[in-house]
Amino acid sequence: MRSRSPVRGWRWRQNPLRRRSDVVEAWTVLVIAVLLFVAAPLTGVAAGLRAHGHARDQARTQRAERHQVRAVVLGRTDERLPMVRGDREHPYRAEVRWSEPGGGTRTAPARVPAGTRTADVVTVWFDGRGRNVAPPPDDAAVWQHAVTIGVCAAAGAAAVVLLGHAVQRRIALGHRLGEWEREWARTGPRWTQPRT
């Protein structure tokens, strides 16, 4: 048995079997392909670049507002602290002491890494008001944020395009079934009447 190969581009050619819905479907598939393979990736790139610029500016601002100090751990509480965005490596709070650039010493509670013992030297970050804060994001974190936003934006755009295509196909199917019903109403009586 010989299999038939599909005729490429049959929806574009002039032939008596081509319906208007075939032409609409062919154009729709072309538009969907362009949207999926061009517009969705461009949306992701644009969103990623915008997110990178925003995250880079925010990291620069945080670097200007925050300063790190090398502090000695005086004592530690063993209770686990809630996670702070950007600071998964410092789950415990401890009392730390450090020397100020002007000569005095300060003591304050700060987040310290797991496994830190009394008298260990740790790096901690503080803001301008002396509150312990997470370190500012580095370049890798900024790029990770930008890539994540870009991928999510591209996936969201692709999902919207595919959802729109599914809705269009459902509407087209309804129109196609209506066309077939009308055509059958015209030709059906000739096929179903008994021959004499």
Walk me through it: do Arg56 and Asp139 pass the test side chain to side chain contact (heavy atoms under 4.5 Å, CB included)?
CA-CA 8 Å; Arg56 186 186 62 226; Asp139 288 338; 5.9 Å; no
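Residue Leu163 belongs to no hydrophobic cluster, having no ILVMFWY side-chain heavy atom closer than 4.5 Å to its own. Through direct or indirect side-chain contacts shorter than 4.5 Å among Ile, Leu, Val, Met, Phe, Trp and Tyr, Val142 is connected to no other residue. Cluster partners of Val31, by chain and number: Ile32, Leu35, Leu36, Phe37, Val161, Leu162. The rule joins Ile, Leu, Val, Met, Phe, Trp and Tyr whenever side-chain heavy atoms lie under 4.5 Å apart. Connectivity analysis of hydrophobic side chains (ILVMFWY, heavy atoms under 4.5 Å, direct or indirect) links Trp143 to nothing; its cluster partners are none.
For residues 151-182, there are no ring-ring contact (aromatic ring centres under 6.0 Å, His included) pairs, not counting sequence neighbours. Residue pairs meeting the ring-ring contact (aromatic ring centres under 6.0 Å, His included) criterion with at least one partner in residues 105-127, sequence neighbours excluded, are Trp98-Phe126.
Among all heavy-atom pairs drawn from Thr118 and Gly75, the shortest one is OG1-CA, 4.1 Å. Ile149 approaches Ala47 most closely through the heavy-atom pair CG2-O, 3.9 Å.
Panel note: side chain Thr28, backbone Val24; a donor-acceptor pair is recorded below 3.5 Å.
Hydrophobic clustering (ILVMFWY, side-chain heavy atoms < 4.5 Å, transitive): Val72 and Val124 are in distinct clusters. The hydrophobic cluster containing Val147 does not contain Val45, counting ILVMFWY residues as joined when their side-chain heavy atoms lie under 4.5 angstrom apart, directly or transitively.
Contacts of Arg131 classified as side-chain hydrogen bond (donor to acceptor under 3.5 Å, both in side chains), with partners at least two apart in sequence or in another chain: Asp127. Judged as a side-chain hydrogen bond (donor to acceptor under 3.5 Å, both in side chains), and not counting sequence neighbours, the contacts of Arg70 are Thr123. Legend: residues meeting salt bridge (charged side-chain N to carboxylate O under 4.0 Å, His left out) with Asp57, ordered by chain and number and at least two apart, are Arg60. Not counting sequence neighbours, the partners of Arg169 by the side-chain hydrogen bond (donor to acceptor under 3.5 Å, both in side chains) test are Glu25. Under the rule for a side-chain contact (heavy atoms from CB on, under 4.5 Å), Ala46 has no partner lying at least two apart in sequence or in another chain. Taking Glu100 as the reference, Arg106 meet the salt bridge (charged side-chain N to carboxylate O under 4.0 Å, His left out) condition, with sequence neighbours excluded.
Heavy-atom neighbours of Gln68 CD from other residues, nucleotides or ligands within 6.0 Å: above the threshold of 12. Within 6.0 Å of atom CZ in Arg63, more than 12 heavy atoms from other residues, nucleotides or ligands are found, so the atom counts as buried in its surroundings.
Within the 4.5 Å cutoff, side-chain heavy atoms of Pro137 are placed close to those of Gln62. You'll find the side chain of Asn132 stays beyond 4.5 Å of the side chain of Pro109, heavy atoms only.
Note that the NE2 atom of His54 and the CG atom of Leu49 stand 14.5 Å from one another [nearest 0.5 Å]. To the nearest 0.5 angstrom, Leu74 atom CG is 5.5 Å from Thr107 atom OG1. In this structure, His145 NE2 and Gln58 CD are separated by 7.5 Å, a value rounded to the nearest 0.5 Å.
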